[in-house]
Amino acid sequence: MANNMDEYGQDEVDWLNCISAIETSRGTVFFCDRDLLPLRQDLQVVGHFGKSKCGQLMRGVVMYSITAYNPMNKRIEVVENVRRNAFLMEELQAKLPGCEILNNYSFFPNCPKHFERGFTIVLPLDYPVSDHDGTVCELAVKYHQAAYFRSVIHNNGDVEQKLILMIDNKPKEVDEELMVIERINYHPAFMHRTNHSVFHDYRIALDVLSRWRSCAAVDELLSIMSSRAKHELAIAHDNKDLHPIIAIEGPKLRGIGAVCRRLSSSLGTVYLNSIPVCVQHLKKSFDAQPQLIRGAFHAVSNYILGLELSTNAKNSPVFVDRYWNSTVAHCIVNEVGEGIGNLPPRNHMVYDWPTHLPEPTSVVLVSCKKKLRQMKNSGPKRGKTTYENMVFETFRRMRNKSWIEIDFAKQQCTNTTDVVSHIIDKLQEKNLFSIKLPTSLCPSTVLHPEMPHDTIAFETSLPAKHLQITDDRMEHFAFPSCSCPSVPS
């Protein structure tokens, strides 16, 4: 792992250059010490920390910022840091019951790999545990922290801020004035390849898992991987002379799985699910692990799936219900939290296709913008970007030349048949399937009827086999909010 994943602390950092952030219900607040401003002309001040939205939201509280990451210790790598933070979270919940715990992080713009996650504890001024100062100090000593900060925001808006330096395990208070600065272009975890849970090489994911032995499912997954020849994984990305591999992707809207199954059944192709059968029973265990470990599990699952895709595509086209794009989209959104502006921009390195993983011939994004807008504008936090909106936007930022996008409301699709017909049309336009019909399956002016496509002969773009569409009479699947007329983009 040392060769693939940089260890924190290899480069010297100037702590005066540190920028921190707290993820609140009103968005992320970025801040730094006032002393940093003369050194960084590029930082635009928005206001005083206590006068910010964060301060206005949390008057009458005391806030502590603490982490179990130790980036200055070169012997502690990222997996151990994640483990230590998990332990710290448990201790905070046990020793300060009922406290609000927000996620925070710190980073150095000039040293992008130096990134650390932590927590901000929010307590009311009348919190019953009187010595919470001592509790936080004990945790700082236990986790070998060089410093942490305390901010008291009174009901009238006055703020007292202190930086607590740990010198020989004893606290020394220093006056500090934190200034809120303009938001960073995108989440700093994506300034460097090692700071997040998107893996571009299965060997790095395996190395991360091998260092996380506190979950029995890890041992079983590693055993499953060791039973598969590594040379098979290494050559699985060679998709020469393979039939088309079509990945059906999309946010979690009801019906996408039905579309993928219907496509595969109608066209007589192989259908695969995103989580291979051999590891499906492990998913629940990994869902309870920190994001880094969940991301490693899904990365390894992708490589197992990639091997299955390559094997099956030798004999037949393959439709896969979600693939690497979904893994990346969910990993990114889980890392950055709320806010479209936190997402990495288009053409960012995080969207690069990973090594040794078979790339699909085409990716079909099935969605409904109208439904996503309704999700965003409903509920008590009207206008708040929903998780699925974030996922959808992430999908669109990794768009490539093989991309096909189907909006089932805009294209007046009211059931599975309509969506499937539109997708077949798009695949035909890209010469992935050659449908033997005099006209398009789905003319743009009239929705394609159900019956004529039930027995259509087609060929793949490769001259390997002549396949026949089967007589598939699945029940109609009514998509949500789709009986409306065409919706503008």
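Heavy atoms only: backbone and side chains are in, while hydrogens, waters and symmetry mates are out.
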Quiz item: Is the backbone N or O of Tyr69 less than 3.5 Å from a side-chain atom of Gln145, with the two atoms forming a donor-acceptor pair by type?
Solution: yes
Quiz item: Considering residues at least two apart in sequence or located in another chain, which fulfil the side chain to side chain contact (heavy atoms under 4.5 Å, CB included) criterion with Ala217?
Solution: Cys215, Leu282, Ser285, Phe286
Quiz prompt | Residue pairs involving residues 177-186 (criterion salt bridge (Lys or Arg N to Asp or Glu O under 4.0 Å); sequence neighbours excluded) | solution = Arg34-Glu177
Exercise. Answer yes or no: is there a side-chain heavy-atom contact under 4.5 Å between Ile332 and Phe190?
Key: yes
Practice problem: Walk me through it: do Arg193 and Asp352 pass the test salt bridge (Lys or Arg N to Asp or Glu O under 4.0 Å)? | Solution: CA-CA 11 Å; Arg193 286 186 180 273; Asp352 294 343; 3.5 Å; yes
Exercise. State whether the side chain of Arg261 and the backbone N or O of Tyr271 hold a donor-acceptor pair below 3.5 Å, judged by distance alone.
Key: no
Self-check item: Sidechain-backbone polar pair: Asn85 side chain, Arg117 backbone, donor-acceptor under 3.5 Å
Solution: yes
Quiz item: Does the gap between the ring centers of Phe199 and His298 come in under 6.0 Å?
Solution: no
Quiz item: Should Asn302 and Thr327 be marked as a side chain to side chain donor-acceptor pair (under 3.5 Å) after you check the CA-CA gap, both sets of side-chain angles, and the distance that decides it?
Solution: CA-CA 8 Å; Asn302 277 166; Thr327 296; 3.0 Å; yes
Quiz item: Is a donor on one side and an acceptor on the other found under 3.5 Å between the side chain of Asp168 and the backbone of Lys170?
Solution: no
Quiz prompt | Working for side-chain contact (heavy atoms from CB on, under 4.5 Å), residues Trp353 and Asn325 | solution = CA-CA 9 Å; Trp353 196 263; Asn325 299 83; 3.9 Å; yes
Practice problem: Determine the minimum heavy-atom distance between Tyr186 and Pro345, stating which atoms define it. | Solution: CD2-CD, 3.6 Å
Self-check item: Listed partners of Tyr105 passing ring pair (Phe, Tyr, Trp, His ring centres under 6.0 Å), at least two apart
Solution: Phe115, His187
Quiz item: Does Ser301 reach the main-chain N or O of Phe297 with its side chain, forming a donor-acceptor pair under 3.5 Å?
Solution: yes
Quiz item: Where the side chain of Arg346 meets the backbone of Met398, is there a donor-acceptor pair that is under 3.5 Å apart?
Solution: no
Quiz prompt | Lys142 bridged to Glu91 by N-O distance under 4.0 Å | solution = yes
Quiz item: Would you say Lys95 has more than 12 foreign heavy atoms packed within less than 6.0 Å of its NZ?
Solution: yes
Quiz prompt | Gln289 backbone acceptor or donor facing Arg294 side chain under 3.5 Å | solution = yes
Quiz prompt | Backbone of Gly134 reached by a side-chain donor or acceptor of Asp131 within 3.5 Å | solution = yes
Quiz prompt | Test side-chain contact (heavy atoms from CB on, under 4.5 Å) applied to Ser151 and Val159, step by step | solution = CA-CA 7 Å; Ser151 181; Val159 180; 3.6 Å; yes
Quiz item: Pick one: which of Val180, Leu178, Leu43, Val45 meets side chain to side chain contact (heavy atoms under 4.5 Å, CB included) with Cys32?
Solution: Leu43
Practice problem: Determine yes or no for a side-chain-to-main-chain donor-acceptor pair under 3.5 angstrom, with His348 supplying the side chain and Val350 the backbone. | Solution: yes
Quiz item: Taking the side chain from Gln280 and the backbone from Ile275, do they hold a donor-acceptor pair closer than 3.5 Å?
Solution: yes
Quiz item: Is the ring centre of His330 less than 6.0 Å from the ring centre of Tyr387?
Solution: yes
Practice problem: For the pair Arg322 and Ile248, evaluate side-chain contact (heavy atoms from CB on, under 4.5 Å) and give the outcome as yes or no after the intermediate values. | Solution: CA-CA 5 Å; Arg322 296 180 171 86; Ile248 308 298; over 6 Å; no
Practice problem: Mind running ring-ring contact (aromatic ring centres under 6.0 Å, His included) on Tyr148 and Tyr143 for me, showing each step along the way? | Solution: CA-CA 12 Å; Tyr148 62 94; Tyr143 289 97; over 10 Å; no
